[in-house]
Every structure is written in structure tokens, then in C-alpha cells.
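In what follows, a single structure is set out as C-alpha cells and then discussed.
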Amino acid sequence: MNNSKESGMSTAVEGRVITHDGKIKILTMTYSYVSGEESWDGIESFYSVGIDITKEREEQEIQRRVLNEAYQTARVANAAKTNFLSAMSHDIRTPMNAVMGMTEIAQANLDAPDKIRDCLNKISSSSQHLLSLINEVLDMSKIESGKVNMTLEPINLQGLTDIVADMCRPLVNEKKQHFEISLENVKHENIIADGDRLRQVLMNLLSNAIKYTPEGGKISLKISEQYSPNPKKSQYEFVCTDNGIGISEGFLPQVFDPFARAEDHQISKMQGTGLGMAITENIVRMMNGTVSVESVKGKGSIFTVSVPFEVCVKDETYHDTLAGPSESGDGGRRKNHEKDTVFTDEIYGKKVLLAEDNEINREIAVELLKMYGIEVNAVTNGEEAVETFEKSAPEDYSAILMDIQMPVMNGYEATLAIRHLKRKDAKTIPIIALTANAFTSDAAKARSVGMNDHVAKPIEMDRLLEVLEKWMDQKSN
Ligand code: ATP
Ligand code: MG
């Protein structure tokens, strides 16, 4: 290094000094040389200026720490996203693979009906699985973004457990497990709750108990009503016990974390995303309740959900509030699935206009509706729907089923255009959104442009028929 300096040249140094009262200060010292060309050692005169930069440095340190924390948070979130995507991609690919493979096998065996039937059964169960996976992920993101509202209605606990038992039975039978659901000390069977969400909580607990308990094991769900000083509210406890593989002490605190699954070859063999318990905990929290778990590896697990519910003190409240038959004891909820009214006058022989751009989806909708006696005229975008409806004779169509995302003109624009047509039935024809966008905000948007209702794809026929029947019925009244 060349140490020779010129007059006027400065050198700055940063250093720490301890003040007389023991504090550490950070200073920058600037040395300026005033005499001629000398070596560093031989400098005769210079002056120095010291500036206290302690505050700036402290602020910089705080900013650095904040940035680092933000970076670490982003890194963790990113890692969670990556884990999620790889788990999802695996979990989606597995059933998808079955759908594609079975389709190919069926195509190669067109003259063997038994083989085709077998393939179709497998395609059907894999698609069910895919749908529940998609629903779980949607549910989780909806819950996390606070978009879920509780729908409170009168519920009969015995009816609810009957439904849950029916849903579990095929799985339990397959694994030859001993399965029991009981109501113990339940004074008020009729409560005010979100029945769908409560059923989802119980199903998530029971499906785990069944899944993580070997063949021949024992599973039970006990529901009890705890004493409450408030005559209108009771604390209910739902205890799900199994004698399955159990959970290690190390994993126990993570059971309710999203996407967490025990690192165990027995677990990884089984299908799952690790979302069931995270969803359960979120729902229970929304119900102002708690969920806890006790478990011993190799021995079994006990999950306890405790939630306060308003009770229906008089049974009349329960019967009065229900729209459907309540003697089924299931809160009237099964009526839509049990009804054999799919061929009622309301919809049988009626004609609907369907706008759907995707060829396969169009074909599926047409075939399914035909099976229920509904005549369908299908078009491929919103503009064609408007033109076809405009040219049709009054009252020719009983309803319009409208996809949302379509080329040329989307479903929202088409609905607005139809509602503005100058013909008498333009304002009254039921327009139902058929869409793969399953969020509540989409339903709100559909209504705001003049659609009557909203049905999510993939189409569940029960729901579509129920909606068609409802709106066609209102139209004819
Ligand atoms: P899915 O999202 O399909 O429910 P999953 O069952 O793996 O997937 P969770 O229900 O959230 O996810 O459960 C998280 C983890 O907790 C499971 O992977 C398993 O390791 C453990 N676990 C939950 N319930 C039980 C149980 N009854 N017995 C043993 N382990 C359990
Ligand atoms: Mg689960």
C-alpha cells in the first residue's frame, strides 16, 4: 500500500469509544492532512473531526433485524408453499393417474362390459377422492382468509350421528373394525348449530380413527352434555377414541398444524394431505370450542372436542323451524338426497338452455340432465346463449344454465344482456350459474348481475336438480 499522502487529503475511520459514563458510542473520525508529501509515519500536522453516529447505526441495526425477520418469515412461508405444492401434486396425481389409466383400460376393452364396469367404479371412487381433496384445500384457504360464516340452524344430535355412522360404516366394515357411536347424558338432543360444519368435524376425527387403526381395531364416539348453569346453553363433549397406531410424543404438538403428517412409514402409505385436523381446529375455534388430543404410540388416541351450543328447550322450536320432515331425526337435511322426486312435473320434460364452452363438460351436463327427463339445448358461449334465448318462443325454456368463464361473452355479461332484452320472460327466466369457481364471492357476483342461483362444478346432480326445481317452481307460481 502506498502510504504517501497529499495536503488536503482525508481518511475516515469508524470506531467505538467508551465514554466516561461507561456508554459505547460509535464515531466516524475524519483525518485531513495539511502538510506536504510525507509518509504516514512522518506526517507533521493533520486535523480530525469526530461525528457521533451511534443513533444512525442503531437504527440501521433495527432495520437490518426487521428485514431479516421478514426474510425468514417469507422463507418459512415459501418452504410451506413448496411442501404444500409437492404434497398436493403427489396427492392429486395419484387419483388422477387412476382416472386416466382406468379410462385407457376401458377404451381397450369396449366389448367387455364387466371390465368396463370395474374401470368405471374405480374412476368414480378416484374422482370422489379428488373432489374431496380440492374441497379440503378450498376449505382451508377460505377458513384461513376468514371467509367462512357459520350457518346456524336447528340440529338433532341423534340424527346427525346417524348420518355420520352411515358415512363411516363402509370404511369400518372394510377394515372389520368395532365401531360405536353413543349419546350419553344428553338431555337436549336438539341444538342450534352449523350442522354441516359439526358433521365435518366429527367425520374428520372418525376418518382418522378408522384410517390410523389397523384391521379389527376399536373406534368409538361418545357425545355427552355437560352441566351448564345457563338453561339456554350447554357444553357438549365429543370424544373420539381409537386403539390404533397412536401418535408419538414428538409429533403430538403438530397434529393440528396444516400439512403436518407424522413421519412414519405407516402414515406415508396412507392417503392424506395433513389438512383434516387443521380444518377441524379452525372450525371448532369458530364455534367457540376447543379440541385436544391425548395419545400413546402403539396404543391409540383420544380426541376431545368441547363446544357450547344453544339448546332448543322445547321440541316445538325444532319442528317449527324446519322446512322439511323432521321425523327422520336428521334435522330434515337428508330430504333432498332421499327424495325420489327427480321426475316430478316441475322438471320432467322441461327444456333448458345450457351455455358451456368446454366440450366434455357440455356433454356431461347434457347427458346427466337427459337422464332426469330434462331436454337440453346446448350452446358454446354467452353470445350464442343470448341470441338463442332471444329467438326462442316465449316460455320455451324453463331455465338457463350458464357457465361463467366462456370465450366471446362470459356468463355474467350474457346474463346482463338477457335481463335487458325486451321480452316478458327476460326478467323472470331462472338463470343458474354453473361454474368451477366455488368461492362465496363468485356466488355474490352471480346474483349481482341477475342470476338466481349458483351451482359449483363438478356437477352434483342432487344439488342441480334441487336448484332447478326450486326456481322453476317459483317461476310457475
Ligand atoms: P387428511 O388431510 O386427508 O385428513 P391426514 O389424515 O394425514 O390427511 P390430519 O387429519 O390433519 O391429516 O392428521 C394429521 C396427522 O396426525 C396424521 O397424518 C397422523 O400422523 C396424525 N393423526 C391424526 N389422527 C390420528 C389418529 N387417530 N391416530 C394416529 N395418528 C393420527
Ligand atoms: Mg385426516
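Start at 1 and go down the list; that is how both ligands and their atoms are numbered. The first residue of the sequence shown is numbered 1, and numbering continues consecutively from there.
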How far is [atom] from its nearest protein heavy atom, and which residue and atom name does that atom have?
atom                    : answer
atom 20 (O) of ligand 1 : Ala262 N, 3.1 Å
atom 10 (O) of ligand 1 : Asn208 ND2, 2.7 Å
atom 30 (N) of ligand 1 : Ile247 CG1, 3.3 Å
atom 9 (P) of ligand 1  : Met277 N, 3.6 Å
atom 19 (C) of ligand 1 : Ile267 CD1, 3.8 Å
atom 2 (O) of ligand 1  : Leu275 N, 2.8 Å
atom 1 (P) of ligand 1  : Thr273 N, 3.5 Å

Best match, Phe303, Tyr212, Phe251: closest heavy atom to atom 16 (O) of ligand 1: Phe251
Within the distance-only criterion (no hydrogens, no angle test), does the side chain of [X] pair as donor or acceptor with the backbone N or O of [Y] below 3.5 angstrom?
X      : Y      : answer
Ser127 : Ile123 : yes
Asp242 : Ser301 : yes
Asn243 : Lys218 : yes
Glu384 : Thr380 : yes
Glu225 : His188 : yes

With only distance considered, is Ile245 within less than 3.5 Å of ligand 1 through an N or O on each side? no
Short N or O distance, Ala278 and ligand 1, threshold 3.5 Å exclusive: no
In short, salt bridge (charged side-chain N to carboxylate O under 4.0 Å, His left out) pairs touching residues 281-298 with sequence neighbours left out are Asp264-Lys297, Glu281-Arg285
In terms of relative ring orientation, are Phe303 and Phe256 parallel, tilted or perpendicular, with 30° and 60° separating the classes? perpendicular
Given side-chain hydrogen bond (donor to acceptor under 3.5 Å, both in side chains), test Thr304 with Glu237 step by step and report yes or no. CA-CA 7 Å; Thr304 306; Glu237 215 170 70; 5.8 Å; no
Show all protein N/O/S atoms under 2.8 Å from the Mg ion (ligand 2), or state that there are none. Asn208 OD1
Indicate yes or no: does Asp196 engage Arg199 in a salt bridge with an N to O separation below 4.0 Å. yes
Presence of salt bridge, Glu61 and Arg64, under 4.0 angstrom: yes
Ligand-residue contact atoms, ligand 1 with [X], heavy atoms, under 4.0 Å:
X      : result
Arg261 : 5 (P), 7 (O), 18 (O)
Gly274 : 1 (P), 2 (O), 5 (P), 7 (O), 8 (O), 11 (O), 12 (O)
Lys211 : 3 (O), 5 (P), 6 (O), 8 (O)

Heavy atoms of other groups near Glu215 CD, more than 12 under 6.0 Å: yes
Heavy atoms of other groups near Met150 CE, more than 12 under 6.0 Å: yes
Restricting to side chain to side chain donor-acceptor pair (under 3.5 Å), what partner residues turn up for Ser125, sequence neighbours left out? none
Can you name the side chain to side chain donor-acceptor pair (under 3.5 Å) partners of Lys232, sequence neighbours left out? none
One residue to check: [X]. Relative to ligand 1, which of side chain, backbone, both or neither has a non-hydrogen atom less than 4.0 Å away?
X      : result
Ser301 : side chain
Asp242 : side chain
Phe256 : neither
Ala260 : backbone

